[in-house]
Amino acid sequence: MSADPQKTFYLEVFGCQMNVHDSEKVVGTLLAQGYRQVPTVEEAGLILYNTCSIRDKAEQKVFHRLADYKKLQKQGKRFGVLGCVAQQEGAKIFERAPHVSLVCGSASYRNLPQMLVQLEAGKRVTGLDDRETEECFETEFTARTNPHRGYLTIIEGCDKFCAYCVVPFTRGKERSRTSDSVLAEAKGMADLGYSEVQLLGQNVNSYKDPSGKKTFAELLAAVGEIAGVRRVRFTTSHPRDFGRDIVEAIDAVSTLCDHVHLPVQSGSDAVLDAMQRLYTREQYLERIAWIQAARREISITSDMIVGFPGETEADFEQTLSLLDEVEYDSIFCFKYSPRPNTPSLQLEDAIPEAEKSRRLIILQEKQREIQRRRYQRHVGQIQEVMVEGKNQARNQWIGRTSQNKTLNFTAPQEVVPEVGSYIAVVTTGSFPNSLLGEMVI
Ligand code: 5AD
Ligand code: SF4
């Protein structure tokens, strides 16, 4: 379909990888409807924000953007809010930002073509999920932005209802795609030249094949065995559904990357209980032990929340001691942010903001020291990296290891490593967040 020069859109994404990948599907859908993507708000007829509401700061970003560009409505531009804030706030967005004419949660993206028609007819359109949908957003029109590495959603939504988390309310109920459809898409990606496939799900390892053919670990292995696939990643894993068979799959299939992201949230049993995570520190550590007993060294990363209501100094110290016990390669730490609808909104004993900040800094500093030490062990090792690009200023190439670490490297003058290719690099130096190396000739 040729693009109508009038039908232009600009899209900005906030939030997680699921949102990034949803956006690739939304872009594909719009292109198939005759729209053309433009790089600036000024050039666009339709301005879309794919939003995140995981923490308050993330949520506020979209309202700031809408306020910044409100004046452009006079030029006939239309505004749409997609994603988690759209689902959470619904029609209230029209009150707060009357220049918005489309509000659409992620479970309604499959209706976008019809919604766009209504929008073009000058109507206000709302697409919200009532947590009832059984369908996934599968489309042949995904416009993946990177030609070598691509996301593939295998499970959408979340039924876990952790006490702090807005996701079950914004992304609907947990629903998996059939293993046949996942494998067909992965094979299609490999045929198009993608060598790295990243399987996505809010809880990727809670995957349940509706056709009953494959467990998550079997699906992982099957994707890894597709000709042309060199790397398979998967994120995010929930400890509750993390089985030993996942580690066995990584052991058995060399294309499965040496990295597991296993968010713990807290090292204290009391806080884990209040968070309704439904595992104990000990059970979590058991899973860590399985991962650490793998034949290949698997990098482990995590998410942590500090300042959950009622978190005492002793609870916080349990989280600190967990860092020593596990020795993560990286963690994302967050200050607890009260979210609409969530059970923890009702909890008392809120932790003051300043105390949350203090704990966050202590946690981050401790982890930085752990990483400084841990990254050193790679010095002298030869690792394969996927080339991601070049840092011109430093005259270094940017590579990514199977463990998902950045390994910046130099290459001889006459060699130009191709982006997307795989190259052996010897590590010569280390920092808390990256490695330095030289291409092996
Ligand atoms: N406050 C702070 N952090 C949160 N996360 C999820 N919900 C909240 C919240 N209300 C964090 C968790 C999760 C990550 C994606 O975001 O650590 O794993
Ligand atoms: Fe943000 Fe969660 Fe929605 Fe992802 S699923 S965009 S992290 S609120």
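Keep in mind it's a predicted model, so treat the numbers as computed, not measured. All residue numbers in this chain count up from 1 along the given sequence. Whatever order the structure lists ligands and atoms in, that order sets their numbers, starting from 1.
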* Asked: If you count the atoms of ligand 1 from 1 in the order shown, which ones are under 4.0 Å from a heavy atom of Arg55?
  -> 1 (N), 2 (C), 3 (N), 4 (C), 5 (N), 11 (C), 16 (O)
* Starting from atom 7 (N) of ligand 1, which protein heavy atom do you reach first, and at what distance in Å? -> Tyr164 CD1, 3.3 Å
* To do: Tell me which part of Met18 gets within contact of ligand 2: side chain, backbone, both or neither, using heavy atoms under 4.0 Å.
  => neither
* To do: Classify the ring geometry between Tyr328 and Tyr284 as parallel (under 30°), tilted (30 to 60°) or perpendicular (over 60°).
  => tilted
* Structure fact -> Under 4.0 Å from one or more heavy atoms of Ser337, ligand 1 contributes atoms 1 (N), 2 (C), 9 (C), 10 (N)
* Parallel under 30°, tilted from 30 to 60°, perpendicular over 60°: which one fits the rings of His378 and Tyr375? -> perpendicular
* What residue and atom, counting heavy atoms only, is the protein's closest point to atom 5 (S) of ligand 2, and at what distance? -> Arg171 NE, 2.9 Å
* To do: Apply the test side-chain contact (heavy atoms from CB on, under 4.5 Å) to residues Thr342 and Phe161: give CA-CA distance (whole Å), side-chain angles for both, the deciding distance (0.1 Å), then the verdict.
  => CA-CA 8 Å; Thr342 57; Phe161 291 95; over 6 Å; no
* Gln202 heavy atom under 4.0 Å from ligand 2 -> yes
* Asked: Does ligand 2 have an atom under 4.0 Å from some heavy atom of Gly83?
  -> no
* Heavy-atom contacts with Gln265 under 4.0 Å: which atoms of ligand 1 show up? List them by number with element. => 12 (C), 13 (C), 17 (O), 18 (O)
* Whether Cys84 has an N, O or S atom under 2.8 Å from atom 4 (Fe) of ligand 2 -> no
* To do: Please could you name the atoms of ligand 2 that Cys52 approaches to less than 4.0 Å, counting only its heavy atoms?
  => 1 (Fe), 6 (S), 7 (S), 8 (S)
* Asked: Which of parallel (below 30°), tilted (30 to 60°) and perpendicular (above 60°) describes Phe79 and His99?
  -> perpendicular
* Structure fact -> Between the NZ atom in Lys356 and the CZ atom in Phe308, the distance rounded to the nearest 0.5 Å is 10.5 Å
* Asked: What protein heavy atom is closest to atom 2 (C) of ligand 1, reported as residue, atom name and distance in Å?
  -> Lys335 O, 3.3 Å
* Asked: When you look for heavy atoms under 4.0 Å from ligand 1, do you find them on the side chain of Ile54, its backbone, both, or neither?
  -> both
* Asked: Near Glu353 CD, under 6.0 Å, is it more than 12 heavy atoms from other residues, nucleotides or ligands?
  -> yes
* Look up atom CD in Glu174 and atom CD in Glu156, then write down how far apart they are to the nearest 0.5 Å. => 11.0 Å
* To do: Please could you name the atoms of ligand 2 that Asn19 approaches to less than 4.0 Å, counting only its heavy atoms?
  => 6 (S)
* ligand 1 and Tyr336, any nitrogen or oxygen pair closer than 3.5 angstrom? -> no
* Would one find an N or O of Arg339, backbone or side chain, under 3.5 Å from an N or O of ligand 1? -> no
* Looking at atom 4 (Fe) of ligand 2, what's its closest protein heavy atom, distance included? -> Cys16 SG, 2.3 Å
* Go through Ile351 and Arg359 one step at a time and tell me if the side-chain contact (heavy atoms from CB on, under 4.5 Å) criterion holds. => CA-CA 11 Å; Ile351 308 294; Arg359 291 181 190 178; 4.2 Å; yes
* Structure fact -> Honestly, for Val167 the part within reach of ligand 2 (heavy atoms, under 4.0 Å) is side chain
* Structure fact -> In this structure, atom 18 (O) of ligand 1 is nearest to the protein heavy atom Asp303 OD2, 2.6 Å
* Asked: In terms of side-chain heavy atoms, does Asp329 have a donor or acceptor partner in Thr301 at a distance below 3.5 Å?
  -> no
* Can you check side-chain contact (heavy atoms from CB on, under 4.5 Å) on Val306 and Glu311, steps first, answer last? -> CA-CA 8 Å; Val306 295; Glu311 184 188 68; 4.3 Å; yes
* To do: Answer yes if the side chains of Thr51 and Arg65 hold a donor-acceptor pair under 3.5 Å, and no otherwise.
  => no
